[in-house]
Number of protein chains: 2
Amino acid sequence: MLVYYLRTMARIKIEKNSSRKDVIVSKAASLFREKGFKAASMRDLAEAVGVEAASLYNHIKSKTELLHELCFGVANRFMQHMDEVESKKTNSITKVEELVRFHINEMVKHYEEVYVSDREWKHLSDPYLSNFQNQRRMYRKRFAAIIETGIRNKEIKLIDAPTAVLIILHAISGIESWHRSTQKINAEELTNNMITILVGGLKNV
Amino acid sequence: MLVYYLRTMARIKIEKNSSRKDVIVSKAASLFREKGFKAASMRDLAEAVGVEAASLYNHIKSKTELLHELCFGVANRFMQHMDEVESKKTNSITKVEELVRFHINEMVKHYEEVYVSDREWKHLSDPYLSNFQNQRRMYRKRFAAIIETGIRNKEIKLIDAPTAVLIILHAISGIESWHRSTQKINAEELTNNMITILVGGLKNV
DNA sequence: ATAATATACTAACATATGTTAGCAAAGAAA
DNA sequence: TTTCTTTGCTAACATATGTTAGTATATTAT
(Lines give C-alpha, C1' and ligand atoms only; values in the text may rest on other atoms or scores of the structure.)
Protein backbone atom coordinates (compact mmCIF):
# COMPACT_ATOMS: atom_id res chain seq x y z
CA MET A 1 0.00 0.00 0.00
CA LEU A 2 1.26 3.40 -0.97
CA VAL A 3 1.04 6.32 1.38
CA TYR A 4 1.37 9.78 -0.08
CA TYR A 5 2.50 12.48 2.27
CA LEU A 6 0.98 15.49 0.58
CA ARG A 7 2.14 18.74 2.03
CA THR A 8 -0.83 20.76 3.08
CA MET A 9 -0.77 24.51 2.94
CA ALA A 10 0.53 26.33 5.96
CA ARG A 11 -1.91 28.36 7.97
CA ILE A 12 -1.43 31.00 10.62
CA LYS A 13 -2.79 29.60 13.84
CA ILE A 14 -4.99 31.90 15.83
CA GLU A 15 -6.33 31.85 19.35
CA LYS A 16 -9.82 32.88 20.28
CA ASN A 17 -10.57 36.56 19.88
CA SER A 18 -7.47 37.25 17.86
CA SER A 19 -7.01 37.78 14.16
CA ARG A 20 -4.18 36.51 12.00
CA LYS A 21 -2.98 40.06 11.81
CA ASP A 22 -2.64 40.08 15.59
CA VAL A 23 -0.36 37.08 15.38
CA ILE A 24 1.79 38.80 12.79
CA VAL A 25 1.99 42.03 14.78
CA SER A 26 2.95 40.12 17.88
CA LYS A 27 5.70 38.16 16.15
CA ALA A 28 6.87 41.37 14.55
CA ALA A 29 7.25 42.86 18.01
CA SER A 30 9.61 40.18 19.16
CA LEU A 31 11.57 40.24 15.92
CA PHE A 32 11.91 44.01 15.88
CA ARG A 33 12.98 43.87 19.48
CA GLU A 34 15.57 41.23 18.83
CA LYS A 35 17.13 42.56 15.65
CA GLY A 36 15.85 46.09 15.30
CA PHE A 37 13.28 47.24 12.78
CA LYS A 38 15.64 47.67 9.87
CA ALA A 39 17.55 44.46 10.40
CA ALA A 40 14.42 42.34 10.72
CA SER A 41 13.28 41.29 7.27
CA MET A 42 9.82 40.34 6.13
CA ARG A 43 11.23 36.94 5.28
CA ASP A 44 12.41 36.55 8.86
CA LEU A 45 8.97 37.50 10.04
CA ALA A 46 7.32 35.11 7.63
CA GLU A 47 9.45 32.27 8.93
CA ALA A 48 8.57 33.13 12.51
CA VAL A 49 4.91 33.08 11.59
CA GLY A 50 5.30 29.87 9.61
CA VAL A 51 4.33 31.11 6.19
CA GLU A 52 5.85 32.60 3.04
CA ALA A 53 6.75 36.29 3.00
CA ALA A 54 4.22 37.21 0.34
CA SER A 55 1.41 35.68 2.35
CA LEU A 56 1.84 38.25 5.05
CA TYR A 57 0.47 40.85 2.71
CA ASN A 58 -2.95 39.27 2.82
CA HIS A 59 -3.16 40.62 6.36
CA ILE A 60 -1.02 43.74 6.51
CA LYS A 61 -0.37 46.66 4.24
CA SER A 62 3.34 47.11 4.74
CA LYS A 63 6.25 46.57 7.07
CA THR A 64 5.92 50.09 8.37
CA GLU A 65 2.29 49.51 9.24
CA LEU A 66 3.49 46.92 11.73
CA LEU A 67 5.63 49.54 13.40
CA HIS A 68 2.69 51.98 13.49
CA GLU A 69 0.48 49.45 15.17
CA LEU A 70 3.08 48.66 17.78
CA CYS A 71 4.11 52.22 18.54
CA PHE A 72 0.64 53.70 18.74
CA GLY A 73 -0.77 50.74 20.59
CA VAL A 74 1.71 51.38 23.36
CA ALA A 75 1.46 55.15 23.23
CA ASN A 76 -2.30 55.06 23.53
CA ARG A 77 -2.22 52.88 26.59
CA PHE A 78 0.18 55.25 28.27
CA MET A 79 -1.86 58.29 27.34
CA GLN A 80 -5.01 56.77 28.67
CA HIS A 81 -3.35 55.91 31.94
CA MET A 82 -2.07 59.45 32.25
CA ASP A 83 -5.65 60.67 31.91
CA GLU A 84 -6.70 58.43 34.75
CA VAL A 85 -3.87 59.46 37.03
CA GLU A 86 -4.39 63.15 36.44
CA SER A 87 -8.03 62.92 37.37
CA LYS A 88 -7.27 61.37 40.74
CA LYS A 89 -7.24 63.45 43.87
CA THR A 90 -4.11 62.01 45.46
CA ASN A 91 -0.92 63.87 46.24
CA SER A 92 1.90 64.21 43.71
CA ILE A 93 4.29 61.65 45.10
CA THR A 94 1.53 59.06 44.94
CA LYS A 95 0.78 60.02 41.35
CA VAL A 96 4.44 59.71 40.43
CA GLU A 97 4.57 56.35 42.13
CA GLU A 98 1.51 55.20 40.22
CA LEU A 99 2.93 56.28 36.90
CA VAL A 100 6.15 54.47 37.68
CA ARG A 101 4.30 51.33 38.68
CA PHE A 102 2.27 51.39 35.51
CA HIS A 103 5.38 51.81 33.40
CA ILE A 104 7.15 48.95 35.03
CA ASN A 105 4.11 46.76 34.76
CA GLU A 106 3.71 47.52 31.06
CA MET A 107 7.38 46.88 30.52
CA VAL A 108 7.17 43.53 32.26
CA LYS A 109 3.89 42.35 30.74
CA HIS A 110 4.21 43.73 27.24
CA TYR A 111 7.95 43.74 27.08
CA GLU A 112 8.50 43.42 23.35
CA GLU A 113 5.98 46.02 22.26
CA VAL A 114 7.03 48.61 24.80
CA TYR A 115 10.65 48.05 23.99
CA VAL A 116 10.06 48.42 20.26
CA SER A 117 7.92 51.49 20.69
CA ASP A 118 10.69 52.98 22.79
CA ARG A 119 13.66 52.25 20.60
CA GLU A 120 12.44 51.89 17.05
CA TRP A 121 10.00 54.76 16.59
CA LYS A 122 12.69 56.61 14.66
CA HIS A 123 11.84 54.45 11.69
CA LEU A 124 8.27 55.65 11.51
CA SER A 125 7.65 57.98 8.62
CA ASP A 126 5.64 61.15 8.55
CA PRO A 127 2.91 61.94 9.39
CA TYR A 128 3.09 59.12 11.93
CA LEU A 129 6.53 60.15 13.06
CA SER A 130 5.63 63.70 14.07
CA ASN A 131 2.40 62.47 15.56
CA PHE A 132 4.24 60.00 17.72
CA GLN A 133 6.86 62.50 18.77
CA ASN A 134 4.15 64.94 19.79
CA GLN A 135 2.43 62.35 21.89
CA ARG A 136 5.68 61.61 23.67
CA ARG A 137 6.40 65.26 24.28
CA MET A 138 2.90 65.71 25.66
CA TYR A 139 3.24 62.77 27.96
CA ARG A 140 6.50 64.03 29.38
CA LYS A 141 5.09 67.50 29.83
CA ARG A 142 2.14 66.19 31.80
CA PHE A 143 4.45 64.04 33.89
CA ALA A 144 6.66 67.03 34.59
CA ALA A 145 3.63 69.10 35.55
CA ILE A 146 2.75 66.59 38.23
CA ILE A 147 6.27 66.79 39.61
CA GLU A 148 6.17 70.56 39.56
CA THR A 149 2.98 70.56 41.56
CA GLY A 150 4.71 68.29 44.02
CA ILE A 151 7.58 70.74 44.27
CA ARG A 152 5.24 73.64 44.96
CA ASN A 153 3.57 71.56 47.68
CA LYS A 154 6.96 70.78 49.17
CA GLU A 155 6.32 67.08 48.68
CA ILE A 156 9.18 66.88 46.25
CA LYS A 157 12.68 68.32 46.32
CA LEU A 158 13.49 71.44 44.38
CA ILE A 159 14.79 69.88 41.18
CA ASP A 160 14.43 70.41 37.48
CA ALA A 161 11.20 68.57 36.70
CA PRO A 162 11.91 67.72 33.05
CA THR A 163 15.22 66.21 34.09
CA ALA A 164 13.48 64.15 36.72
CA VAL A 165 10.99 62.84 34.17
CA LEU A 166 13.77 62.01 31.79
CA ILE A 167 15.61 60.09 34.47
CA ILE A 168 12.56 58.19 35.60
CA LEU A 169 11.45 57.14 32.15
CA HIS A 170 14.87 56.03 31.06
CA ALA A 171 15.55 54.24 34.29
CA ILE A 172 12.43 52.20 33.73
CA SER A 173 13.36 51.39 30.17
CA GLY A 174 16.39 49.75 31.74
CA ILE A 175 14.17 46.86 32.67
CA GLU A 176 15.19 45.57 29.31
CA SER A 177 18.45 44.42 30.90
CA TRP A 178 16.58 42.94 33.80
CA HIS A 179 14.40 41.07 31.38
CA ARG A 180 17.39 39.46 29.73
CA SER A 181 19.19 38.83 32.99
CA THR A 182 19.64 35.24 34.08
CA GLN A 183 19.41 35.88 37.77
CA LYS A 184 16.22 37.88 37.80
CA ILE A 185 14.68 38.95 41.02
CA ASN A 186 10.92 38.80 40.69
CA ALA A 187 8.88 41.56 39.14
CA GLU A 188 7.36 42.84 42.35
CA GLU A 189 10.68 43.03 44.09
CA LEU A 190 12.08 44.86 41.10
CA THR A 191 9.25 47.36 41.17
CA ASN A 192 9.73 48.07 44.83
CA ASN A 193 13.44 48.52 44.40
CA MET A 194 12.86 50.93 41.58
CA ILE A 195 10.36 52.95 43.53
CA THR A 196 12.69 53.06 46.50
CA ILE A 197 15.59 54.31 44.47
CA LEU A 198 13.75 56.65 42.17
CA VAL A 199 11.40 58.11 44.73
CA GLY A 200 13.43 57.68 47.87
CA GLY A 201 16.97 57.96 46.54
CA LEU A 202 20.07 56.00 47.29
CA LYS A 203 21.36 57.78 50.31
CA ASN A 204 20.52 56.42 53.71
CA VAL A 205 19.05 59.21 55.78
CA MET B 1 39.61 83.01 -24.10
CA LEU B 2 38.33 79.71 -22.97
CA VAL B 3 38.20 78.85 -19.30
CA TYR B 4 37.99 75.25 -18.36
CA TYR B 5 36.53 74.50 -14.97
CA LEU B 6 38.19 71.20 -14.35
CA ARG B 7 36.79 69.39 -11.41
CA THR B 8 39.56 68.42 -9.09
CA MET B 9 39.34 65.22 -7.15
CA ALA B 10 37.66 65.35 -3.78
CA ARG B 11 39.77 64.84 -0.72
CA ILE B 12 38.93 64.12 2.87
CA LYS B 13 40.05 67.11 4.89
CA ILE B 14 41.95 66.32 8.03
CA GLU B 15 42.94 68.36 11.05
CA LYS B 16 46.28 68.12 12.75
CA ASN B 17 46.94 64.85 14.52
CA SER B 18 44.03 63.06 12.93
CA SER B 19 43.94 60.58 10.10
CA ARG B 20 41.36 60.37 7.33
CA LYS B 21 40.07 57.26 9.02
CA ASP B 22 39.36 59.31 12.13
CA VAL B 23 37.21 61.63 10.07
CA ILE B 24 35.27 58.71 8.65
CA VAL B 25 34.77 57.11 12.05
CA SER B 26 33.57 60.37 13.48
CA LYS B 27 31.08 60.99 10.69
CA ALA B 28 29.96 57.40 11.01
CA ALA B 29 29.19 58.03 14.66
CA SER B 30 26.80 60.83 13.90
CA LEU B 31 25.18 58.95 11.04
CA PHE B 32 24.73 55.78 13.05
CA ARG B 33 23.31 57.84 15.86
CA GLU B 34 20.86 59.62 13.60
CA LYS B 35 19.60 56.71 11.53
CA GLY B 36 20.79 53.61 13.31
CA PHE B 37 23.59 51.34 12.11
CA LYS B 38 21.50 49.30 9.70
CA ALA B 39 19.66 52.22 8.17
CA ALA B 40 22.80 54.26 7.59
CA SER B 41 24.34 53.29 4.28
CA MET B 42 27.90 53.56 3.14
CA ARG B 43 26.68 55.89 0.42
CA ASP B 44 25.17 58.14 3.08
CA LEU B 45 28.45 58.09 4.92
CA ALA B 46 30.42 58.81 1.77
CA GLU B 47 28.26 61.83 1.07
CA ALA B 48 28.74 63.10 4.61
CA VAL B 49 32.49 62.75 4.19
CA GLY B 50 32.39 64.32 0.74
CA VAL B 51 33.65 61.44 -1.32
CA GLU B 52 32.39 58.42 -3.27
CA ALA B 53 31.38 55.30 -1.36
CA ALA B 54 34.11 53.11 -2.80
CA SER B 55 36.77 55.57 -1.71
CA LEU B 56 35.99 54.90 1.92
CA TYR B 57 37.52 51.48 1.53
CA ASN B 58 40.96 52.96 1.10
CA HIS B 59 40.77 53.79 4.80
CA ILE B 60 38.54 51.22 6.42
CA LYS B 61 38.04 47.50 6.10
CA SER B 62 34.28 47.30 6.38
CA LYS B 63 31.17 48.95 7.72
CA THR B 64 31.25 46.74 10.78
CA GLU B 65 34.79 47.82 11.53
CA LEU B 66 33.41 51.31 12.05
CA LEU B 67 31.05 49.98 14.66
CA HIS B 68 33.88 48.08 16.37
CA GLU B 69 35.99 51.19 16.61
CA LEU B 70 33.15 53.19 18.08
CA CYS B 71 31.96 50.60 20.56
CA PHE B 72 35.34 49.58 21.88
CA GLY B 73 36.65 53.11 21.93
CA VAL B 74 33.88 54.01 24.34
CA ALA B 75 34.02 50.78 26.32
CA ASN B 76 37.74 51.14 26.91
CA ARG B 77 37.42 54.65 28.25
CA PHE B 78 34.77 53.50 30.70
CA MET B 79 36.79 50.51 31.80
CA GLN B 80 39.86 52.60 32.39
CA HIS B 81 37.89 55.06 34.46
CA MET B 82 36.49 52.23 36.53
CA ASP B 83 40.06 51.12 37.27
CA GLU B 84 40.89 54.59 38.52
CA VAL B 85 37.81 54.88 40.70
CA GLU B 86 38.26 51.48 42.26
CA SER B 87 41.80 52.29 43.28
CA LYS B 88 40.76 55.42 45.15
CA LYS B 89 40.38 55.41 48.90
CA THR B 90 37.15 57.35 49.12
CA ASN B 91 33.82 56.11 50.46
CA SER B 92 31.28 54.37 48.27
CA ILE B 93 28.83 57.21 47.77
CA THR B 94 31.66 59.37 46.51
CA LYS B 95 32.73 56.64 44.12
CA VAL B 96 29.21 56.29 42.81
CA GLU B 97 29.00 60.01 42.37
CA GLU B 98 32.25 60.02 40.48
CA LEU B 99 31.14 57.26 38.17
CA VAL B 100 27.92 59.11 37.48
CA ARG B 101 29.76 62.35 36.78
CA PHE B 102 32.10 60.62 34.39
CA HIS B 103 29.20 59.02 32.54
CA ILE B 104 27.36 62.26 32.15
CA ASN B 105 30.48 64.02 31.04
CA GLU B 106 31.24 61.38 28.43
CA MET B 107 27.66 61.53 27.25
CA VAL B 108 27.79 65.28 26.89
CA LYS B 109 31.24 65.52 25.31
CA HIS B 110 31.25 62.45 23.11
CA TYR B 111 27.53 62.23 22.60
CA GLU B 112 27.37 60.44 19.27
CA GLU B 113 29.91 57.77 20.05
CA VAL B 114 28.53 56.97 23.47
CA TYR B 115 25.03 56.86 22.12
CA VAL B 116 25.98 54.54 19.29
CA SER B 117 27.98 52.29 21.55
CA ASP B 118 24.97 52.10 23.83
CA ARG B 119 22.26 51.41 21.30
CA GLU B 120 23.85 49.80 18.28
CA TRP B 121 26.24 47.23 19.73
CA LYS B 122 23.70 44.54 18.86
CA HIS B 123 24.92 44.74 15.30
CA LEU B 124 28.43 43.75 16.18
CA SER B 125 29.28 40.25 15.12
CA ASP B 126 31.21 37.62 16.99
CA PRO B 127 33.81 37.52 18.41
CA TYR B 128 33.44 41.25 18.95
CA LEU B 129 29.88 40.89 20.10
CA SER B 130 30.57 38.53 22.98
CA ASN B 131 33.66 40.45 23.87
CA PHE B 132 31.69 43.65 24.13
CA GLN B 133 28.91 42.05 26.11
CA ASN B 134 31.43 40.64 28.56
CA GLN B 135 32.99 44.01 29.06
CA ARG B 136 29.60 45.50 29.82
CA ARG B 137 28.74 42.76 32.24
CA MET B 138 32.04 43.25 33.98
CA TYR B 139 31.56 46.95 34.26
CA ARG B 140 28.13 46.55 35.80
CA LYS B 141 29.40 43.95 38.22
CA ARG B 142 32.16 46.22 39.41
CA PHE B 143 29.70 49.08 39.74
CA ALA B 144 27.36 46.88 41.76
CA ALA B 145 30.21 45.76 43.98
CA ILE B 146 30.89 49.37 44.92
CA ILE B 147 27.26 49.84 45.84
CA GLU B 148 27.25 46.65 47.86
CA THR B 149 30.23 47.84 49.84
CA GLY B 150 28.31 51.03 50.48
CA ILE B 151 25.37 49.02 51.74
CA ARG B 152 27.56 47.06 54.13
CA ASN B 153 29.01 50.31 55.43
CA LYS B 154 25.50 51.70 55.92
CA GLU B 155 26.28 54.54 53.55
CA ILE B 156 23.69 53.29 51.12
CA LYS B 157 20.16 52.01 51.62
CA LEU B 158 19.47 48.31 51.63
CA ILE B 159 18.52 47.84 47.97
CA ASP B 160 19.25 45.38 45.21
CA ALA B 161 22.59 46.61 43.90
CA PRO B 162 22.28 45.31 40.32
CA THR B 163 18.92 47.04 40.02
CA ALA B 164 20.44 50.25 41.27
CA VAL B 165 23.20 50.03 38.68
CA LEU B 166 20.71 49.35 35.96
CA ILE B 167 18.65 52.36 36.95
CA ILE B 168 21.63 54.66 37.17
CA LEU B 169 23.13 53.69 33.84
CA HIS B 170 19.87 53.93 31.97
CA ALA B 171 18.92 57.17 33.62
CA ILE B 172 22.14 58.66 32.35
CA SER B 173 21.60 57.37 28.86
CA GLY B 174 18.47 59.52 28.93
CA ILE B 175 20.70 62.50 28.36
CA GLU B 176 20.09 61.73 24.77
CA SER B 177 16.70 63.44 25.12
CA TRP B 178 18.32 66.33 26.91
CA HIS B 179 20.82 66.62 24.10
CA ARG B 180 18.06 66.96 21.53
CA SER B 181 15.98 69.25 23.68
CA THR B 182 15.59 72.84 22.59
CA GLN B 183 15.39 74.31 26.05
CA LYS B 184 18.47 72.73 27.52
CA ILE B 185 19.62 73.64 30.94
CA ASN B 186 23.40 73.70 30.96
CA ALA B 187 25.49 70.60 31.39
CA GLU B 188 26.65 71.34 34.90
CA GLU B 189 23.16 72.04 36.12
CA LEU B 190 21.99 68.84 34.49
CA THR B 191 24.72 66.86 36.18
CA ASN B 192 23.86 68.25 39.59
CA ASN B 193 20.19 67.55 39.10
CA MET B 194 20.96 64.01 38.14
CA ILE B 195 23.19 63.45 41.11
CA THR B 196 20.59 64.92 43.41
CA ILE B 197 17.85 62.67 42.09
CA LEU B 198 19.86 59.51 41.66
CA VAL B 199 21.88 59.75 44.81
CA GLY B 200 19.56 61.76 47.00
CA GLY B 201 16.19 60.70 45.70
CA LEU B 202 13.06 62.65 44.93
CA LYS B 203 11.43 62.79 48.27
CA ASN B 204 11.96 65.81 50.43
CA VAL B 205 13.12 64.59 53.80
C1' DA C 1 62.11 65.34 -12.73
C1' DT C 2 61.09 60.67 -11.56
C1' DA C 3 59.48 57.12 -8.90
C1' DA C 4 56.58 55.48 -5.37
C1' DT C 5 52.70 55.81 -2.50
C1' DA C 6 48.25 57.33 -1.08
C1' DT C 7 43.91 58.44 -2.32
C1' DA C 8 40.05 59.08 -5.32
C1' DC C 9 36.91 57.73 -9.25
C1' DT C 10 33.84 54.81 -12.33
C1' DA C 11 31.76 50.58 -13.07
C1' DA C 12 30.07 46.62 -11.67
C1' DC C 13 29.08 42.53 -8.72
C1' DA C 14 26.29 39.74 -5.80
C1' DT C 15 23.01 39.70 -2.54
C1' DA C 16 19.14 41.18 0.33
C1' DT C 17 14.85 43.33 0.63
C1' DG C 18 9.93 45.11 0.34
C1' DT C 19 6.35 44.28 -2.44
C1' DT C 20 3.11 42.88 -6.35
C1' DA C 21 0.78 39.71 -9.77
C1' DG C 22 -1.47 35.74 -10.70
C1' DC C 23 -2.96 31.50 -9.39
C1' DA C 24 -4.20 27.43 -6.16
C1' DA C 25 -6.24 25.58 -2.19
C1' DA C 26 -8.91 25.75 1.89
C1' DG C 27 -12.96 27.12 4.61
C1' DA C 28 -17.48 29.30 5.04
C1' DA C 29 -21.94 30.36 3.15
C1' DA C 30 -25.63 29.11 -0.02
C1' DT D 1 -22.75 20.33 -3.84
C1' DT D 2 -21.83 24.73 -5.53
C1' DT D 3 -20.33 29.41 -4.90
C1' DC D 4 -17.81 32.94 -2.64
C1' DT D 5 -14.18 34.58 0.28
C1' DT D 6 -10.11 34.00 2.69
C1' DT D 7 -5.64 32.70 2.85
C1' DG D 8 -1.67 30.66 1.02
C1' DC D 9 1.99 29.71 -2.75
C1' DT D 10 5.45 30.59 -6.59
C1' DA D 11 7.68 33.77 -9.35
C1' DA D 12 9.30 37.93 -10.21
C1' DC D 13 10.14 43.00 -9.91
C1' DA D 14 12.69 47.05 -8.71
C1' DT D 15 15.64 48.95 -5.72
C1' DA D 16 19.15 49.42 -2.14
C1' DT D 17 23.33 47.92 -0.26
C1' DG D 18 28.21 46.39 0.97
C1' DT D 19 32.09 45.64 -1.44
C1' DT D 20 35.76 44.75 -5.14
C1' DA D 21 38.43 45.56 -9.54
C1' DG D 22 40.76 48.37 -12.24
C1' DT D 23 42.34 52.79 -13.24
C1' DA D 24 43.34 57.74 -12.83
C1' DT D 25 45.20 61.51 -10.19
C1' DA D 26 47.22 63.71 -6.47
C1' DT D 27 51.03 63.95 -2.92
C1' DT D 28 55.44 62.61 -1.00
C1' DA D 29 60.01 60.80 -1.29
C1' DT D 30 64.20 60.18 -4.03
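Labels below follow one simple rule: chain letters A, B, ... track the order of the sequence lines, proteins then strands, and each chain is numbered from 1.
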Phe37(B) six-ring face occupied by Lys38(A) cation (under 6.0 Å, within 45°):
no

Tell me, please, which residues at least two apart from Arg136(B) pass side-chain hydrogen bond (donor to acceptor under 3.5 Å, both in side chains).
Asp118(B)

Look at the side-chain N and O atoms of Arg20(A) and state whether any lies under 4.0 Å from the OP1 or OP2 oxygen of dT7(D).
yes

Using 30° and 60° as the class limits, which term best fits the ring planes of His103(A) and Phe143(A): parallel, tilted or perpendicular?
tilted

Would Glu155(A) and Lys95(A) pass as an ion pair if we require N to O under 4.0 Å?
no

What integer distance in Å separates Arg11(B):CZ from dT5(C):C1'?
11 Å

Near DNA chain C, counting only heavy atoms under 4.0 Å, which residues of residues 40-63 of chain B show up?
Arg43(B), Val51(B), Glu52(B), Ala54(B), Ser55(B), Asn58(B), His59(B)

Within 6.0 Å of CD in Gln80(B), more than 12 heavy atoms from elsewhere:
no

Atom CG of Leu66(A) and atom P of dG18(C): how far apart are they, to the nearest Å?
11 Å

Find the distance between CZ (Arg77(B)) and CZ (Phe102(B)) and round it off to the nearest 0.5 Å.
7.0 Å

Lys38(B) atom NZ is separated from dT17(C) atom C1', nearest whole Å, by 11 Å

Whole-Å distance, Phe37(A) CZ to dG18(C) C1', equals 10 Å

Between C1' on dA26(D) and NZ on Lys13(B), what's the gap in Å once rounded to a whole number?
15 Å

